[in-house]
Amino acid sequence: MSQTYDPNNPEHASGPESGQGYPSGQGYPSGQGYGTGGYGAGGYGGGPGFGSEPPPPPRRRNHKRGLIITGAAALVVGAAAGGLIGSMNPASTSTATATSKTVLSTSQIAARVDPGLVDVVSTDGDEQATSAGTGIVLTSNGEVLTNNHVIEGATAIKVTDIGNGKTYTAKVVGYDASQDVAVIQLQNASGLTVASLGDSSTVQTGDSVVALGNAEGKGGTPSVAAGTVTALNQSITASDELSGASEQLTGLIEDNANIQPGDSGGSLVNSYGEVIGMDTAANTGYSFQSPTGEGGTGSTGAEQAYAIPINEALSIAKQIEAGTTTANVHIGATAFLGVEVQSASQSSGSGSFGSGGFGGGQSSTSGVTVAGTLTGSPAAKAGLTEGDEITALGGQSVSTPENLAQALVKYHPGDSISITWVDQTGQSHTSNLTLASGPAA
């Protein structure tokens with residue numbers, strides 16, 4: 001069944017988790033143009049960053065991060081890859097859930113798992129907006145696993161450890177935006193309770209699971225949602241129909257636990273209290289349209305929830321921990337280009353000057369059309385203006401916003417990079433620019 005937003009429903013413009021923290025045209029997340037709007041129980045604030053209509057609703061200052069699923073989940077051949085990271089889960093008395101083969105009650109699971117979780121609050125300093133999510137403690141000195149979308153676009157991150165009740169500032173160690181995985185480091189943390197990690201390769205359809213996290217961004221004792229695994233190796237498209245922004249994730253665990261906005265980055269655990277997945281997305285609390293156009297109402301809470309298998313998440317986290325930059329893994333501070341893009345077929349619209357280099361939007365057939373540049377940004381200093389068309393970055397041809405973001409993954413603030421564009425007269429230009437610092441992811 002195809003599941004999409006109803007564009008005529010005004011509630012779909014804001015989303016249940018309000019995703020309002022990164023408004024269009026303000027220069028935030030990851031070059032994807034996510035502004036107002038929401039993705040549901042685990043993700044981005046989406047919005048008219050792609051020059052789409054209708055205009056954004058009033059911004060809210062507080063929201064919970066969530067991804068809403070659009071499109072039918074399709075079976076992916078093959079099991080999720082990845083291995084456990086021993087260095088991130090040492091056997092010690094600080095481990096939240098000692099290995100047990102005794103089936104636990106939901107309350108017993110919560111008591112064991114809670115101390116290995118954290119509440120994550122990301123702040124957009126310019127807009128004074130905040131968003132809430134969850135994280136899983138990997139090391140006693142404060143390495144935390146979470147979804148990339150939980151910290152995407154943040155200018156500051158505060159983390160409250162459930163185990164000791166203390167609040168820390170955090171920095172982004174690295175992220176893989178394509179897999180929605182990030183690692184953050186709590187500053188001056190020690191003696192934290194480490195989550196007990198299981199083996200997601202052993203998960204089977206029908207297994208009982210419990211999802212725990214910062215539901216609705218309320219903080220305090222993590223919420224608890226019990227369910228069962230309904231499918232494995234699932235592929236989803238998580239997106240905001242209003243913005244057109246989308247994210248493809250594969251190899252996911254599907255379950256029916258009633259996760260909520262703010263649960264993103266939280267633990268999906270088995271009956272023994274072992275973390276076997278990281279809660280990431282759900283198709284929760286929306287009205288959906290069928291392919292025939294007939295509307296239907298989704299139930300409150302998750303009809304289907306999705307978690308990244310812990311083996312896969314930890315495999316990526318291990319690359320980040322090792323400081324290994326790849327085509328998808330970015331280490332350290334995010335580079336900022338400062339160009340807004342939009343569909344070549346649109347005469348107006350708003351996007352955001354994303355930290356990955358640009359805002360949301362579509363492209364023409366030959367390049368990425370510029371809707372504007374942020375004053376004083378590297379793009380503006382290089383001479384790019386509205387109507388120009390970016391065709392290459394760092395010697396790599398680009399034709400879509402995704403291409404542009406991907407081309408910037410390996411770069412950091414201070415790096416010099418070439419950019420090629422065609423102006424409105426058809427003349428081609430190439431210039432070197434120095435990338436600036438942008439918000440996380």
Asn164 meets the side-chain contact (heavy atoms from CB on, under 4.5 Å) criterion, sequence neighbours left out, with Asp161, Lys166, Tyr168, Leu192

- Query: What do the steps show when you test Thr230 against Thr205 for side-chain contact (heavy atoms from CB on, under 4.5 Å), and what is the final call?
  - Reply: CA-CA 5 Å; Thr230 54; Thr205 301; 5.7 Å; no

Residues at least two apart in sequence or cross-chain that pass side chain to side chain donor-acceptor pair (under 3.5 Å) with Ser271, listed by chain then number, are none

How about Ile417 and Leu393: do any of their side-chain heavy atoms sit closer than 4.5 Å?
yes

Contacts of Ser105 meeting side chain to side chain donor-acceptor pair (under 3.5 Å) (sequence neighbours excluded), chain-then-number -> Ser107, Gln108

key: Residues Glu274 and Ser196: side-chain donor-acceptor under 3.5 angstrom   = no

Those residues at least two apart in sequence (or on a different chain) that pass side-chain contact (heavy atoms from CB on, under 4.5 Å) with Thr326 are Gln319, Thr324, Asn328, Val329

Do Val339 and Ile390 touch side chain to side chain, with heavy atoms closer than 4.5 Å? yes

Side chain to side chain, Leu117 and Leu212, heavy atoms closer than 4.5 Å: yes

If we count only N and O atoms by modelled type, under 3.5 Å, do the side chains of Ser200 and Asn311 hold a donor and an acceptor together?
yes

- Task: Apply side-chain contact (heavy atoms from CB on, under 4.5 Å) to Ile184 and Ile151, showing your working.
- Result: CA-CA 9 Å; Ile184 59 177; Ile151 52 88; 4.2 Å; yes

* **Derivation and outcome, side-chain contact (heavy atoms from CB on, under 4.5 Å), residues Leu433 and Leu435** => CA-CA 6 Å; Leu433 53 79; Leu435 296 169; 3.8 Å; yes

inquiry  = Less than 3.5 Å apart, any donor N or O on the side chain of Asp176 or Asn148 sitting next to an acceptor on the other?
reply    = no

- prompt: If we only count heavy atoms from C-beta on, is the Thr167 to Asp119 side-chain gap below 4.5 Å?
  reply: no

With a 3.5 Å cut-off and no angle check, do the side chains of Asn258 and Gln260 form a donor-acceptor pair?
yes

With sequence neighbours left out, the residues meeting side chain to side chain donor-acceptor pair (under 3.5 Å) with Thr325 are none

Applying side chain to side chain donor-acceptor pair (under 3.5 Å) to Ser190 and not counting sequence neighbours gives none

Sorted by chain and residue number, the side-chain contact (heavy atoms from CB on, under 4.5 Å) partners of Gln187 (sequence neighbours excluded) come out as Thr169, Lys171, Gln185

Taking the side chain as C-beta and beyond, is there a heavy-atom pair between Ile136 and Val275 under 4.5 Å?
yes

Taken in chain and number order and not counting sequence neighbours, the residues that satisfy side-chain contact (heavy atoms from CB on, under 4.5 Å) with Asp207 are Val203, Gln204, Val229

- Message: Distance alone, cut at 3.5 Å: any donor-acceptor contact between the side chains of Thr130 and Thr123?
- Response: no

Thr280 side chain to Asn147 side chain, donor-acceptor N/O pair below 3.5 angstrom: yes

